[in-house]
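Presented below is the structure to which this report refers.
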Amino acid sequence: AALDCASMKKAVAFSWFVSAPVFAFVALVSLFPAAAQTPKTAKSDESVAMRLQRFEDKAEIEALLLDYGRHLDNRDFAGYASLFATDGEWVGGFGTVKAADIKAFMEKAMGTQNTAKNYHLLSNFVITVNGDTATAWSRWAFVVPGQQGATIAQAGRYDDELVRESGRWKFKKRTASNDTAGPARK
């Protein structure tokens, strides 16, 4: 009987050891039921529709950033100019160019054919959307093909202010900065 009593005490102690944490958890959940059932996120006060819209906006802006490079490399300056808002501007090594003047300016500065087959690499997009305006930051590298492979002739970054105009994202202001020396002037 003494052995059974000792075994019984151990079983009760073990039972209390196992059940106490379970009991504490049940008590906590009953005191704070919403906390136990609703996962908290950084944006839990935003609707799913708002978060989805921001995701779609970022995807459209990323496409805008890539279209910029595609039109530039193809010397499609009509398409290139269409990426800017009516009152938009481009700021860079050539100076500041208003949206209405971009097509003619780029045709004069770069020509209408890319016979050298040079191109831009665009990367590291950081996009922040705030309703119908946004900002973006990205990297660019200008690649020049040569007889022994391609080289990066210049590299830099873009700082962008964007606006939704007639339902489409456009550049309000695109600032191109060189982080490397430009090509040697002849």
Side-chain angles (χ1 to χ4, degrees), residues 21-103 105-106 114 118-143 152 154-180:
V22 171
F23 176 76
F25 176 74
V26 170
L28 182 65
V29 168
S30 66
L31 290 174
F32 304 103
Q37 297 171 8
T38 306
K40 294 293 181 186
T41 64
K43 300 177 190 309
S44 62
D45 57 331
E46 279 188 318
S47 71
V48 171
M50 290 171 60
R51 292 192 319 244
L52 178 59
Q53 182 63 55
R54 191 172 51 253
F55 180 77
E56 289 174 347
D57 289 340
K58 285 183 175 185
E60 187 177 331
I61 291 168
E62 185 174 316
L64 172 74
L65 302 177
L66 293 170
D67 283 347
Y68 174 94
R70 186 172 51 87
H71 291 314
L72 179 60
D73 294 341
N74 290 332
R75 304 303 190 261
D76 173 9
F77 294 122
Y80 178 87
S82 75
L83 303 176
F84 288 82
T86 305
D87 62 346
E89 64 182 1
W90 181 90
V91 179
F94 296 134
T96 299
V97 183
K98 298 291 182 188
D101 302 323
I102 286 177
K103 180 181 180 291
F105 182 86
M106 294 303 286
N114 186 356
N118 50 41
Y119 57 94
H120 291 79
L121 298 176
L122 307 171
S123 66
N124 299 46
F125 304 135
V126 178
I127 301 167
T128 304
V129 176
N130 187 12
D132 288 335
T133 62
T135 58
W137 181 94
S138 57
R139 287 271 178 208
W140 61 267
F142 183 62
V143 178
I152 294 177
Q154 296 180 61
R157 66 193 177 285
Y158 291 117
D159 292 288
D160 300 312
E161 297 173 23
L162 304 136
V163 63
R164 192 186 325 259
E165 184 177 87
S166 301
R168 302 291 300 170
W169 284 101
K170 305 276 185 163
F171 292 107
K172 175 82 171 170
K173 182 177 184 182
R174 173 151 254 213
T175 303
S177 302
N178 282 12
D179 291 339
T180 60

So Val97 and Met106, side-chain contact (heavy atoms from CB on, under 4.5 Å) or not? Walk me through it. CA-CA 9 Å; Val97 183; Met106 294 303 286; over 6 Å; no
Just do the salt bridge (charged side-chain N to carboxylate O under 4.0 Å, His left out) check on Glu60 and Arg168 with the steps written out, would you? CA-CA 8 Å; Glu60 187 177 331; Arg168 302 291 300 170; 3.8 Å; yes
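Side-chain contact between Arg139 and Asp179 is present, with heavy atoms from C-beta onward closer than 4.5 Å. Proximity of Asp87 to Lys172: side-chain heavy atoms (C-beta onward) are separated by under 4.5 Å at one or more points. Counting only heavy atoms from C-beta outward, the side chains of Trp137 and Ile127 never approach each other to under 4.5 Å. You'll find the side chain of Phe171 reaches within 4.5 Å of the side chain of Leu162, heavy atoms only. In this structure, Tyr119 and Asn114 have side chains that are not in contact, with every pair of non-hydrogen atoms separated by 4.5 Å or more. At least one side-chain heavy atom of Trp169 sits less than 4.5 Å from a side-chain heavy atom of Val129.
For residues 89-98, the set of pairs meeting the salt bridge (charged side-chain N to carboxylate O under 4.0 Å, His left out) definition, not counting sequence neighbours, comprises Glu89-Lys98. Counting only residues at least two apart or on different chains, the side-chain hydrogen bond (donor to acceptor under 3.5 Å, both in side chains) pairs with a member in residues 122-133 are Asp132-Arg164. For residues 70-82, the set of pairs meeting the salt bridge (charged side-chain N to carboxylate O under 4.0 Å, His left out) definition, not counting sequence neighbours, comprises Asp67-Arg70.
Among residues two or more places apart in sequence or in another chain, the ring-ring contact (aromatic ring centres under 6.0 Å, His included) test is passed with Phe105 by Phe94. In this view, Lys173 satisfies the salt bridge (Lys or Arg N to Asp or Glu O under 4.0 Å) rule with no residue, not counting sequence neighbours. Here Lys58 pairs with nothing under the side-chain hydrogen bond (donor to acceptor under 3.5 Å, both in side chains) rule; sequence neighbours left out.
The shortest non-hydrogen separation linking Val163 to Ala85 is CG1-CB, 3.8 Å. Annotation for Leu65 and Ala136: closest pair CD1-CB, 4.3 Å, computed over non-hydrogen atoms. The heavy-atom pair separating Ser177 from Trp140 by the smallest distance is O-NE1, 3.3 Å. Of all non-hydrogen atoms in Arg174 and Ser138, the two that sit nearest each other are NH2-OG, 4.0 Å. Nearest heavy atom pair, residue Ala134 against residue Ile61, reads CB-CD1, 3.6 Å.
Judged by distance alone, with hydrogens and angles left aside, the side-chain atoms of Gln154 form no donor-acceptor pair with the main-chain N or O of Asn178 at under 3.5 Å. One N or O on the side chain of Lys170 and one on the backbone of Ser82 form a donor-acceptor pair closer than 3.5 Å.
Residues Trp90 and Tyr68 have side chains that bring a donor and an acceptor to within less than 3.5 angstrom of each other.
Within the model, atoms CD of Gln53 and CG of Asp57 stand 4.5 Å from one another, a figure rounded to the nearest 0.5 Å.
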